[in-house]
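Working notes for the structure below.
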Amino acid sequence: MKTIKGPGIFLAQFMGDEAPFNNLKSICEWAAALGFKGVQIPTWETRLIDLQKAAESKTYADEIKGIVNAAGLEITELSTHLQGQLVAVNPAFSEMFDGFAPAECRGNLQARTEWAVNQLKYAAKASRNLGLNAHATFSGALLWAPAMYPWPQRPAGLVETAFAELANRWLPILNEFDANGVDVCYEIHPGEDLHDGVTFERFLEATGNHTRANLLYDPSHLLLQCLNYLEYIDIYHEKIKAFHVKDAEFNPTGRSGVYGGYQSWINRPGRFRSLGDGQVDFKSIFSKMAQYDFAGWAVMEWECCIKHPEDGAKEGAPFIASHIIRVTEKAFDDFAGGGTDDAFNKRILGI
């Protein structure tokens with residue numbers, strides 16, 4: 001059995017124009033001082049990494065790794081959440097997602113999709129150059145806007161066509177990750193076509209059960225869907241290769257529930273919280289992850305509409321550290337055991 005690695009921190013929500021949040025060296029030193037041991041790097045953030053260069057130059061990748069290691073940290077995974085989103089975008093959201101792409105691709109759906117696919121392929125090579133075996137991303141969405149709720153009634157075959165196309169776009173990416181020995185870990189997330197277990201299974205089937213199609217487990221998104229996030233681990237533990245530690249709470253009222261009534265985050269019944277301030281049962285989660293021999297990183301993702309991010313980070317490192325279970329190397333009842341052999345066992349059974 002293996003002990004979960006951590007605590008790690010996803011740097012995306014902490015980047016800014018002021019020190020220590022404006023470059024890789026200083027933000028790593030800041031994270032290390034708080035007690036974090038690993039960083040998950042958002043690859044769209046050019047102040048942290050040049051993704052294409054990391055893919056094409058092992059020397060540059062070693063330099064990035066060296067900066068992180070010098071702070072006493074490791075790289076947990078690279079993230080392409082924004083680029084993965086652009087692999088598949090429904091026209092209803094196309095203009096709103098244009099900001100995720102470089103200026104030269106905006107307004108050009110084909111160019112934007114090609115750019116996103118190439119970004120993911122760079123991420124596969126960069127991950128290999130950095131010595132990583134898992135990668136965090138989004139699936140994108142063709143169905144979410146017009147077909148999440150079956151009204152108007154969905155045309156026959158719409159869902160099947162969408163998942164076939166989603167798989168068609170991702171298969172070359174998955175094959176590139178396979179060639180580089182890295183698992184693609186889809187964050188199951190509202191707004192993505194892969195937003196629960198059923199949709200992940202649809203996608204997996206459409207890809208021919210591609211071995212590199214795996215999961216990033218984040219209980220906050222499951223809790224807000226009223227999904228059993230503990231049973232989810234029982235069902236999908238063999239596919240969970242990355243882990244975001246993020247808290248949330250769901251407090252429905254007589255006026256609003258899961259869909260939120262178009263309200264701001266602070267007024268929604270379901271909202272993300274800093275670690276320990278929400279309703280997620282992390283003791284049970286960490287127990288299950290240890291039970292199923294999860295060998296990856298426990299990475300804090302901070303998203304809270306109330307608490308300051310620096311306070312969330314300061315509290316997050318010890319929170320995760322206190323939940324990581326150092327797995328035992330011996331059975332608790334070994335003291336009562338005795339030597340035995342096949343003949344002894346047979347005598348006990350009377351055979």
Side-chain angles (χ1 to χ4, degrees), residues 2-16 18-42 45 47-49 64-79 81 130 132 134 136 185 187 216-221 223 229 233 240-249 271-290 294-327:
K2 303 178 183 69
T3 298
I4 296 173
K5 292 179 284 189
I9 182 172
F10 186 27
L11 297 178
Q13 287 86 358
F14 296 94
M15 290 300 297
E18 303 295 329
F21 307 109
N22 56 352
N23 66 76
L24 183 62
K25 179 178 183 294
S26 61
I27 200 170
C28 283
E29 291 171 346
W30 166 80
L34 294 178
F36 289 102
K37 297 181 179 180
V39 289
Q40 187 177 86
I41 298 178
E45 181 50 77
R47 289 172 292 189
L48 296 176
I49 191 171
I64 292 295
K65 190 174 181 179
I67 293 171
V68 176
N69 292 163
L73 303 172
E74 297 180 47
I75 301 173
T76 66
E77 299 93 8
L78 299 180
S79 156
H81 283 79
L130 290 164
L132 306 174
C185 303
E187 182 169 356
L216 186 160
Y217 177 73
D218 183 334
S220 68
H221 302 301
L223 182 143
Y229 56 84
I233 300 174
I240 295 173
K241 302 296 177 66
F243 177 20
H244 271 178
V245 187
K246 190 170 74 175
D247 213 342
E249 62 183 357
R271 57 189 187 178
F272 302 121
R273 299 299 309 275
S274 288
L275 291 181
D277 294 342
Q279 299 168 347
V280 175
D281 180 1
F282 284 108
K283 285 188 177 181
S284 294
I285 287 173
F286 276 84
S287 291
K288 282 187 178 289
M289 296 295 259
F294 176 72
W297 283 85
V299 177
M300 185 194 83
E301 183 182 21
W302 176 87
E303 289 182 353
C304 184
C305 55
I306 298 175
K307 184 170 286 184
H308 193 282
E310 292 181 46
D311 293 335
K314 183 178 179 181
E315 296 169 2
F319 183 92
I320 293 174
S322 70
H323 281 80
I324 290 176
I325 297 170
R326 184 161 69 103
V327 298

Atom [atom1] in [X], atom [atom2] in [Y]: separation rounded to 0.5 Å?
{"X": "Ser220", "Y": "Glu301", "atom1": "OG", "atom2": "CD", "value": "7.0 Å"}
{"X": "Glu74", "Y": "Lys65", "atom1": "CD", "atom2": "NZ", "value": "8.0 Å"}
{"X": "Glu29", "Y": "Ile67", "atom1": "CD", "atom2": "CD1", "value": "10.0 Å"}

Please give me the minimum heavy-atom distance between [X] and [Y], naming the atom from each residue.
{"X": "Val327", "Y": "Thr3", "result": "N-OG1, 3.2 Å"}
{"X": "Gly316", "Y": "Met300", "result": "CA-SD, 3.6 Å"}
{"X": "Cys185", "Y": "Lys241", "result": "SG-CB, 3.5 Å"}
{"X": "Ala321", "Y": "Pro7", "result": "CB-CD, 4.4 Å"}

* Using the salt bridge (charged side-chain N to carboxylate O under 4.0 Å, His left out) rule, collect all pairs that involve residues 4-13, keeping only residues at least two apart or in two chains. =>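 Sorted pair list comes back empty.
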Keeping to residues at least two apart or across chains, list the salt bridge (charged side-chain N to carboxylate O under 4.0 Å, His left out) pairs with something in residues 6-16.
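Applying salt bridge (charged side-chain N to carboxylate O under 4.0 Å, His left out) to every pair that reaches into residues 6-16, excluding sequence neighbours, yields nothing.
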Looking only at atom types and distance, does a side-chain atom of [X] sit under 3.5 Å from a main-chain N or O of [Y], one as donor and one as acceptor?
{"X": "Tyr229", "Y": "Tyr217", "answer": "no"}
{"X": "Asp247", "Y": "Gly276", "answer": "yes"}
{"X": "Arg47", "Y": "Gly16", "answer": "yes"}
{"X": "Asn69", "Y": "Leu73", "answer": "yes"}

Next on the checklist: Looking at Arg271 and Glu249, is any side-chain nitrogen of the basic one under 4.0 Å from a carboxylate oxygen of the acidic one?
Outcome noted: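 The answer is yes: the pair qualifies as a salt bridge.
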| said: Could you check whether any side-chain heavy atom of Ile320 comes within less than 4.5 Å of a side-chain heavy atom of Trp297, counting everything from C-beta outward? | reply: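 With C-beta onward as the side chain, the pair stays apart.
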Which of parallel (below 30°), tilted (30 to 60°) and perpendicular (above 60°) describes Phe286 and His323?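 Correct class here is tilted.
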- request: Among Asn22, Ile64, Leu11, find the residue that satisfies the side-chain contact (heavy atoms from CB on, under 4.5 Å) test when tested with Leu48.
  value: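 The residue from Asn22, Ile64, Leu11 that satisfies side-chain contact (heavy atoms from CB on, under 4.5 Å) with Leu48 turns out to be Leu11.
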Taking only residues two or more places apart in sequence, or in another chain, which ones meet Phe294 in a ring pair (Phe, Tyr, Trp, His ring centres under 6.0 Å)?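 Per chain and number, Phe294 pairs via ring pair (Phe, Tyr, Trp, His ring centres under 6.0 Å) with no residue.
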